[in-house]
Protein chains: 2
Amino acid sequence: MKPGHLHPTEDCRAVSEVLSRVGDKWTVLVVQYLGTGPMRFSELKRTIGGISQKMLTTTLRGLERDGFVTRTVFPTIPPRVDYELTELGQELLTPVRALGDWARSNIIRIREARERFDETVL
Amino acid sequence: MKPGHLHPTEDCRAVSEVLSRVGDKWTVLVVQYLGTGPMRFSELKRTIGGISQKMLTTTLRGLERDGFVTRTVFPTIPPRVDYELTELGQELLTPVRALGDWARSNIIRIREARERFDETVL
DNA sequence: CGGTATCCACGGCGATACTG
DNA sequence: CAGTATCGCCGTGGATACCG
């Protein structure tokens, strides 16, 4: 972190790519839950609670595309689909949890800062 | 990470709050640059390179509101405004960098996964 | 059950012009 | 120089309905 340049054009693009995945509305939540073990579609939907069917599908497809989860279809009737974290997904969990832990530890400071700011501006 | 419940309604909301800040298009980039020391508005704009004036203002206001940066106005003509990371902002840098490092280390694996996925689906 | 298809509202974001 | 104001595009995400 020394050089005065810190060239964004390559590294930061990579970071942004990952962050736009991680930073979207539902990804972290889904990854968090899958971190406890494989789950089927309806199970995820029910557990998460506020997510629409469309967004859960979209989120899972994105995670699958990036190699974070696997999708296993059981050709039964009614159908059953399991989602599970890959190696890569498990590894992602580490920095995500670190950020999550930090967020939990400092959310109060942030909220206080907001209140102060909003009050000062009004 | 043992309990079978993992209650989202409080903790995960906090995490999402922080992540929606961190996950937006420019925040990480700005924080990254301010991590090297205080910078003035035009300096940030010039260095980052692709950001519009409006978005830089919006991003900085958001960071200021959350207590991550301070805004110092020098009442000169022409005016000059410095932005600097707060304690909180510095601390945020740690987990953000961890995620950034992970992203840089694994971006190749992710891109490969994407190519495989896109090819399989076509 | 686990999707896809369609429609639509909202907000993020950029471009441009103006101001103290 | 460091903003604010306004406009308009477009992607995200929700609601609803239908399908294998």
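These numbers were taken from a predicted model, which means no experiment stands behind them. Naming: A, B, ... by sequence-line order, numbering from 1 per chain.
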Using atom CE of A:M39 as one end and atom C1' of C:dC1 as the other, report the distance to the nearest whole Å. 15 Å
Of residues 57-79 of chain B, the positions that come close to DNA chain C - non-hydrogen atoms, cut-off under 4.0 Å: B:P79
Over how many whole Å does the gap from B:K25 atom NZ to C:dG14 atom C1' extend? 8 Å
Measure the distance from CD1 on A:I51 to C1' on C:dG3 and round it to the nearest whole Å. 14 Å
Can you identify which nucleotide, out of D:dG14, C:dG14, C:dG3, has its nearest atom closest to the A:Y83 side chain? C:dG3
Is B:D82 paired with B:R80 through a side-chain N to carboxylate O contact shorter than 4.0 Å? yes
Would you say A:I77 ends up clustered with A:F74 if hydrophobic residues are merged whenever their side chains have heavy atoms under 4.5 Å apart, either directly or through other cluster members? no
Is the side chain of B:K45 donor-acceptor paired with the backbone N or O of B:I51 at a distance under 3.5 Å, no angle test? yes
So, does A:S52 get its side chain near the phosphate of D:dA15, meaning an N or O under 4.0 Å from OP1 or OP2? no
Under-4.0 Å side-chain N/O to phosphate OP1/OP2 contact, A:R40 with C:dG2: yes
Closer than 4.0 angstrom, basic N to acidic O: yes or no for B:R71 and B:E84? no
Which pair of non-hydrogen atoms, one from B:A103 and one from A:V18, has the smallest distance, and what is that distance? CB-CG2, 3.6 Å
Among D:dT4, C:dC13, C:dT4, the one nearest B:Q53 by side-chain distance: D:dT4
Mind checking if B:K54 touches a base, just sugar-phosphate, or nothing, with heavy atoms under 4.0 Å? base
Can we say A:E17 and B:R114 salt-bridge, meaning some charged N sits less than 4.0 Å from an Asp/Glu carboxylate O? yes
Rounded to the Å, how far apart are B:R80 CZ and D:dC1 C1'? 11 Å
Output yes when A:E115 and B:R65 qualify as a salt bridge under the 4.0 Å nitrogen-oxygen rule, no when they do not. no
B:E43 CD to D:dA2 P, straight-line distance once rounded to whole Å: 9 Å
Just the rounded figure in Å: distance from P of C:dA15 to CE of B:M55. 12 Å
Nearest-Å distance, CG (B:D24) to P (D:dG13)? 13 Å
In whole Å, I'd like the distance from the CZ atom of A:F41 to the C1' atom of D:dG20. 15 Å
